[in-house]
Amino acid sequence: MSVAGLKIIELPKLLNCLGLFIGSVGILTIYPAEILTEIFGLGQIIWFSWLGVAMLMSRQS
């Protein structure tokens, strides 16, 4: 979704970059390091919340 967001320029660029980072960390959770799992989990909460707000704001305008 972040790659598509970067291409269509509908969502904030920083949100898309955060999504790419969180996605990369998610892939790295295959390595058994607890910190990666924590970063991925908290990052997903932040990213989904921001994405929801951004989509609601773009729909209203």
Side-chain angles (χ1 to χ4, degrees):
M1 181 149 181
S2 293
V3 173
L6 284 171
K7 289 183 180 180
I8 62 171
I9 312 171
E10 278 292 318
L11 300 171
K13 186 174 183 179
L14 189 58
L15 174 65
N16 294 322
C17 292
L18 177 66
L20 291 173
F21 173 73
I22 297 300
S24 300
V25 171
I27 292 170
L28 292 175
T29 58
I30 197 165
Y31 179 75
E34 193 170 317
I35 188 72
L36 292 175
T37 306
E38 292 172 3
I39 292 171
F40 178 65
L42 292 174
Q44 281 292 324
I45 293 168
I46 294 167
W47 184 77
F48 276 120
S49 300
W50 188 2
L51 177 64
V53 170
M55 291 177 75
L56 286 173
M57 297 294 273
S58 69
R59 184 176 179 196
Q60 291 177 356
S61 60

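The chain is numbered in sequence order, starting from 1.
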Reported CG-to-OG distance for the pair Leu11 and Ser2, which is rounded to 0.5 angstrom: 8.5 Å

So how far is it from Glu10 CD to Asn16 CG, rounded to the nearest 0.5 Å? 10.5 Å

Residues in side chain to side chain contact (heavy atoms under 4.5 Å, CB included) contact with Lys13, at least two apart in sequence or another chain: Leu6, Cys17

Show the atom names and distances, to 0.1 Å, of all donor-acceptor pairs under 3.5 Å that link a side chain in residues 50-57 to residues at least two apart or in another chain.
none

May I have the list of side-chain donor-acceptor pairs in residues 22-45 shorter than 3.5 Å, sequence neighbours left out?
residue, atom, partner, partner atom, Å
Ser24, OG, Leu20, O, 2.9
Thr29, OG1, Gly26, O, 2.5

